[in-house]
Amino acid sequence: MDTAKKKKRVSRKAKKNITAYVMLSIPILWWCVFFLFAFIRAVYFSFTDLRFDVELISSFNFDNYIRLFGDSTFGKAFLNTFIWTIVMTFANNFLGLIFAFLLFKMARGRKIFLTLLFWPTLVSAVIGSEITKLVFNPSDTGIMNSIITAMGGKPLGWYNDPDLALVTLMILPTLLGFSTQMMIYYVGLMGVPKTYVEAARLETNSNFKIFWHVYVPLIKNAMTYNILISLISNLKVIAPMQLVSIDGKGGPLDSAVTIMLYLYNKGITGYEMGYACAVGVVITFVILLFGGLQLKLMGKGVDYE
């Protein structure tokens, strides 16, 4: 009887494993075809002079990488992407955490404010770019320039000024781009055991100390996820620069060009696919490096048990 029961358990477990493997095989297959295979092909093409047709490849060497690391525009794009990533990751996560905590501490009206603060995630990149153009239009009739002029100041060039272009593009995503992080932090805060907070109340009545020493360490899992996703998405940023700048290439004077926009300009509109693949390979390894470093610095997750 014991042997028969064991066989049934093993059989039942095997069926569950097969079901799990079948379900997992679909996204894994998708990943292998559309990422792994594509990435391997991109690595190969990055060593070639591919332009229009694979059959027209005539060389296989390191010329693209030699050119890449001597390309001043790529250096500018890398610097802009680095600045954007650091600033936006910090701003979105900081604001997201603060607003999540404020909502968490609210006694009434929490759902209403959650809805109001989450709606910006429904705004598409195109609409966001049009709002940026409307508010920060460099002409005298632009909303911000009209306010500055009314206060006795001089109109600014905003995204047409090489010194202000990148900063201008950061303003709207900073003010409206923290909603997703806020929701994840909010869920994390809701999961913090009340016994931890009650124990902290015996030591101090300072809400800031309780927030910093109790809540923040206990939502480390949410923080790790948010920062990692923010890093990846910001390193791949392209829409604001492409949709707002006049030439669509990150101008003026490449002041707002990013790595992904530079890749697009070279590969899609410039027909230098081999060189664009080299750019893609470099940014992929940069994303892996940033992601691994962030996970290393954040350490292990939190276990409440």
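The basis for the numbers below is simple: all heavy atoms, side chains too, and nothing from hydrogens, waters or symmetry mates. Predicted model only: the values in this text are computed from it and were never measured.
Residue Phe62 places its CZ atom among 12 or fewer non-hydrogen atoms of other residues, nucleotides or ligands, all under 6.0 Å distant. By the 6.0 Å contact criterion, NZ on Lys133 is enclosed, its count of non-hydrogen atoms from other residues, nucleotides or ligands being greater than 12. For Phe74, the CZ atom counts as densely surrounded, since its 6.0 Å shell holds more than 12 non-hydrogen atoms of other residues, nucleotides or ligands. Atom CZ of Phe82 has 12 or fewer neighbouring heavy atoms from other residues, nucleotides or ligands inside a 6.0 Å radius. Counting heavy-atom neighbours within 6.0 Å of Phe69 CZ, excluding the residue itself, gives a total above 12.
Heavy atoms only, all atoms of each residue included: Val214 and Pro217 are closest at O-CD, 3.4 Å. Between Met182 and Ala100, the closest heavy-atom pair is O-CB, 3.4 Å. When all heavy atoms are compared, the tightest approach of Ala125 to Leu243 is O-CD1, 3.8 Å. Between Ala239 and Ser129, the closest heavy-atom pair is O-OG, 4.1 Å. The two residues Leu175 and Phe178 make their nearest non-hydrogen contact at O-CE2, 3.1 Å. Across all non-hydrogen atoms, the minimal contact from Leu68 to Ala278 is CD2-O, 4.0 Å.
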**Q.** Verdict with supporting geometry, Phe45 and Ile57, side chain to side chain contact (heavy atoms under 4.5 Å, CB included)
**A.** CA-CA 9 Å; Phe45 289 140; Ile57 294 176; 3.9 Å; yes
Q: Output, in order, the C-alpha distance, side-chain angles, deciding distance and verdict of side chain to side chain contact (heavy atoms under 4.5 Å, CB included) for Asn265 and Thr73.
A: CA-CA 11 Å; Asn265 292 338; Thr73 305; over 6 Å; no
Q: Could you walk me through whether Leu169 and Met241 pass the side chain to side chain contact (heavy atoms under 4.5 Å, CB included) test, one step at a time?
A: CA-CA 7 Å; Leu169 297 181; Met241 296 76 187; 3.9 Å; yes
Q | Test log, rule side chain to side chain contact (heavy atoms under 4.5 Å, CB included), inputs Ile283 and Lys236 | A | CA-CA 8 Å; Ile283 189 57; Lys236 299 189 300 179; 5.8 Å; no
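The aromatic ring centres of Phe101 and Tyr185 sit 6.0 Å or more apart. Under the 6.0 Å cut-off for aromatic ring centres, Tyr44 and Phe60 qualify, their centroids lying closer than that.
Classification of the Phe39-Phe35 ring pair by plane angle, with boundaries at 30° and 60°, yields parallel. Phe211 and Tyr215 have tilted rings, their planes meeting at an angle from 30° to 60° on a 0 to 90° scale.
Cluster membership for Leu79 and Leu263, using ILVMFWY side-chain heavy atoms within less than 4.5 angstrom, is shared. Linking Ile, Leu, Val, Met, Phe, Trp and Tyr whenever their side-chain heavy atoms come within less than 4.5 Å puts Phe285 and Tyr65 in one cluster.
Residues Arg41 and Phe37 meet the side-chain proximity criterion, which asks for heavy atoms closer than 4.5 Å. Two residues are said to be in side-chain contact when any heavy atoms from C-beta on lie closer than 4.5 Å; Val286 and Phe78 meet this criterion. Ile83 has its side chain within reach of Leu166: a pair of non-hydrogen atoms, C-beta onward, lies under 4.5 Å apart. Annotation: side chain of Glu272 is in contact with side chain of Arg67 (closest heavy-atom distance under 4.5 Å). The shortest distance between side-chain heavy atoms of Thr258 and Trp84 does not fall below 4.5 Å. By the 4.5 Å heavy-atom criterion applied to side chains, Ile148 and Lys154 are not counted as neighbours.
Taking CD1 of Ile143 as the start and CD1 of Ile131 as the end, the distance is 9.5 Å to the nearest 0.5 Å. Taking CG from Leu103 and CE from Met106, the interatomic distance works out to 6.0 Å, rounded to the nearest 0.5 Å. To the nearest 0.5 Å, the span separating CG on Leu164 from OH on Tyr159 amounts to 13.0 Å. The structure places CD of Gln181 at 12.0 Å from CE of Met223, a figure rounded to the nearest 0.5 Å. Separation of atoms CG (Leu29) and CG (Leu24) is listed at 12.5 Å; rounding is to 0.5 Å. Here the NZ atom belonging to Lys249 is positioned 9.5 Å from the CG atom belonging to Leu261, to the nearest 0.5 angstrom.
In terms of modelled atom types and a separation under 3.5 Å, the side chain of Asn92 and the main chain of Pro173 share a donor-acceptor contact. Distance alone, capped at 3.5 Å, places no donor-acceptor pair between the Ser230 side chain and the Thr89 backbone. Under the 3.5 Å distance criterion, the side-chain polar atoms of Thr81 are left unmatched by any main-chain donor or acceptor of Leu235. Of the possible polar contacts, one joining the Asn64 side chain to the Thr48 backbone as a donor-acceptor pair under 3.5 Å is found. Side-chain N or O atoms of Thr149 include none that pairs as donor or acceptor with a backbone N or O of Ser146 at under 3.5 Å.
Tested against Trp158 for a side-chain hydrogen bond (donor to acceptor under 3.5 Å, both in side chains), the candidates Thr168, Asn145, Thr132, Asn137 yield a single pass: Asn145.
Using modelled atom types, one finds a donor on one side chain and an acceptor on the other under 3.5 Å when comparing Asp71 with Tyr275.
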